[in-house]
Each structure stands twice: as structure tokens, then as C-alpha cells.
Amino acid sequence: MNPLRIRSLTPLIMLLLFFSSCKVSLVPPYNAAILEQIDQTTKEIDKFYLLMLETTSTQNGGRRFEQFAEQYVDIEVELVSLLNKNKIRPLNANSVRICEITLQLWTKYKEEHRTDNTLSDGLIKLNRKTLGDLLFAMQVAEKAKEIANSSPSQQP
């Protein structure tokens, strides 16, 4: 082979070797702590609505907003925390958006409860289901990061 031709191919070969050793990641790394916080927040919201449904009624002011104000704040704190943790992670726009929607709905539901000063059984069930679906989407998004970032030999 011609020495001039070998010299002209050397940079190309080096680039190929360099790029073949690089791994491009288009999703953020999996975070088990965030998944655990999502699980815990899901349980808190589920318990909040189930207890309201099972232990109170609209009669005699049993579902007055003030009885639940502290729990609303506690859960909102967790949702804001999840949003902030997801915001600081690179390549995480989808998870951030799910968190934003969840927080917006939680705030909307809280304000509706404050304004009406009660919640019907139907609204409790609907709010619980809607928020449960959004939190499930958060869980799936986090687990997908684990799968996407694992090497093919580690995948089932």
C-alpha cells in the first residue's frame, strides 16, 4: 500500500476508533431515590383521598377544606420536591413536564376544595384516579431510564 494513502487514512481510522468507544446517552441516568419518592408520594395521595372518602361525608361539614389543609400542603411539598429534582437533571424534559402537570392539577384540586369547602364522592374518586395515572407515568418514565441506560448484556 502506498505510504501517502496510509497517512491519509490514519485520521479516519482514529476517528472511527474514538467514536466507537463513546456512548451517547439521550436520557438522564436512572435515579432510584427519585423512584422511591414517587412511590411514597403516590401512597400519600392515595391514602389522602381514600381516608377522605371512607371517614368523612359531605354532611355536617365533614369534608371542610380546613380539615385537610395540612395534608394538602404536605403533599404539595413532595410534588414540588419531585419537580425540582427532575428539573436539575439534564435531558429530562418529559419527566419535568409530567411533574408540572401533576403539581398544577394538585393545586387546582386544592383550590376547588377550598372554594367549595367540600368534595363529593365522585370528585374524590376522579381526582384520585387522575393523579394516580400521572404518578404512574412518572414511575414508568423513571424505570425507562434504567432500561435505556443499562447495557444490552444487563437487560432481560
Side-chain angles (χ1 to χ4, degrees), residues 6-56 63 65-115 119 121-156:
I6 292 174
R7 275 192 268 174
S8 64
L9 289 176
T10 302
L12 179 61
I13 293 169
M14 291 182 75
L15 280 173
L16 285 173
L17 289 172
F18 175 75
F19 284 117
S20 67
S21 66
C22 293
K23 179 182 176 187
V24 176
S25 179
L26 301 176
V27 294
Y30 166 72
N31 187 316
I34 288 179
L35 184 60
E36 178 58 34
Q37 186 176 0
I38 294 167
D39 290 342
Q40 190 59 39
T41 304
T42 301
K43 290 179 203 174
E44 287 177 32
I45 290 172
D46 209 29
K47 182 177 180 180
F48 172 77
Y49 281 121
L50 286 172
L51 280 173
M52 187 186 299
L53 190 61
E54 294 297 324
T55 63
T56 64
R63 292 189 181 151
F65 174 80
E66 64 206 30
Q67 290 182 225
F68 303 96
E70 186 174 341
Q71 290 169 289
Y72 272 114
V73 170
D74 291 343
I75 293 169
E76 189 169 338
V77 165
E78 287 302 314
L79 293 172
V80 169
S81 173
L82 280 169
L83 174 61
N84 290 334
K85 286 176 182 176
N86 276 293
K87 276 183 174 180
I88 62 171
R89 296 167 70 192
L91 304 169
N92 206 30
N94 291 331
S95 291
V96 168
R97 188 64 189 129
I98 296 167
C99 288
E100 288 171 341
I101 292 167
T102 305
L103 183 58
Q104 288 167 357
L105 279 176
W106 179 257
T107 304
K108 176 184 174 222
Y109 296 161
K110 179 180 78 171
E111 289 309 314
E112 287 173 353
H113 191 177
R114 183 191 321 265
T115 301
L119 281 180
D121 288 358
L123 275 178
I124 292 171
K125 291 173 184 175
L126 182 63
N127 293 356
R128 178 178 169 241
K129 174 73 172 129
T130 303
L131 290 165
D133 288 347
L134 285 164
L135 287 155
F136 180 72
M138 277 188 223
Q139 290 170 321
V140 169
E142 196 59 43
K143 285 301 280 182
K145 292 169 189 152
E146 180 181 33
I147 294 166
N149 286 309
S150 64
S151 67
S153 64
Q154 295 174 341
Q155 293 181 2

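These numbers come from the heavy atoms of this one structure, side chains and all, not from hydrogens, waters or symmetry mates.
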Determine all donor-acceptor pairs shorter than 3.5 Å in which one atom belongs to a side chain in residues 76-83; sequence neighbours excluded.
unit_1: Glu76; atom_1: OE1; unit_2: Lys110; atom_2: NZ; d: 2.8
unit_1: Glu78; atom_1: OE1; unit_2: Gln37; atom_2: NE2; d: 3.0
unit_1: Ser81; atom_1: OG; unit_2: Gln37; atom_2: NE2; d: 3.0

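- Side chain of His113 to main chain of Ala69: no donor-acceptor pair is present (N/O by atom type, distance under 3.5 Å, no hydrogens or angles).
- Atom CZ of Phe68 and atom OG1 of Thr56 lie 4.5 Å apart (nearest 0.5 Å).
- A distance of 7.0 Å separates CD1 of Ile34 from CG of Asn92, quoted to the nearest 0.5 Å.
- In this model, no donor atom of one side chain and acceptor atom of the other lie less than 3.5 Å apart for Asn31 and Lys145.
- Using a 4.0 Å cut-off between a side-chain N of Lys or Arg and a carboxylate O of Asp or Glu, Lys125 and Asp121 do not qualify as a salt bridge.
- Using a cut-off of 4.0 Å between Lys/Arg side-chain N and Asp/Glu carboxylate O, Arg97 and Glu100 are scored as salt-bridged.
- You'll find the ring centres of Tyr72 and Phe48 inside the 6.0 Å limit.
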Discussion item. Side chain to side chain contact (heavy atoms under 4.5 Å, CB included), that's the test. Do Tyr49 and Leu131 meet it? Break it down for me.
Written reply: CA-CA 10 Å; Tyr49 281 121; Leu131 290 165; 3.8 Å; yes
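- Listed by first then second residue, pairs satisfying ring-ring contact (aromatic ring centres under 6.0 Å, His included) with a partner in residues 83-105 number zero, not counting sequence neighbours.
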Practice prompt. Would you check, one step at a time, whether the test side chain to side chain contact (heavy atoms under 4.5 Å, CB included) holds for Ile124 with Arg63?
Written response: CA-CA 11 Å; Ile124 292 171; Arg63 292 189 181 151; 3.6 Å; yes
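- To the nearest 0.5 angstrom, Leu105 atom CG is 7.5 Å from Ile101 atom CD1.
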Worksheet entry | Pair Leu119-Tyr109, side chain to side chain contact (heavy atoms under 4.5 Å, CB included): steps then yes or no | CA-CA 10 Å; Leu119 281 180; Tyr109 296 161; over 6 Å; no
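- The two atoms that bring Ile98 and Leu134 nearest to each other are CG2-O, 3.6 Å, heavy atoms only.
- Ser150 places a side-chain N or O within 3.5 Å of a backbone atom of Ile147 that can act as its donor or acceptor partner.
- Using a 4.5 Å heavy-atom threshold, the side chains of Lys43 and Asp46 count as separate.
- No more than 12 heavy atoms of other residues, nucleotides or ligands lie within 6.0 Å of CD in Glu70, so this atom counts as exposed by the packing criterion.
- Judged as a salt bridge (charged side-chain N to carboxylate O under 4.0 Å, His left out), the pairs with a partner in residues 84-93 (not counting sequence neighbours) are, in order, Arg89-Glu142.
- Leu91 and Pro28 get closest at one heavy-atom pair: O-CD, 2.9 Å.
- To the nearest 0.5 Å, atoms CG (Leu50) and CE (Met52) are separated by 10.5 Å.
- For the atom pair Thr107 OG1 and Leu103 CG, the distance stands at 4.5 Å (nearest 0.5 Å).
- Atoms CZ and CG, on Arg128 and Leu53 in that order, are 8.0 Å from each other to the nearest 0.5 Å.
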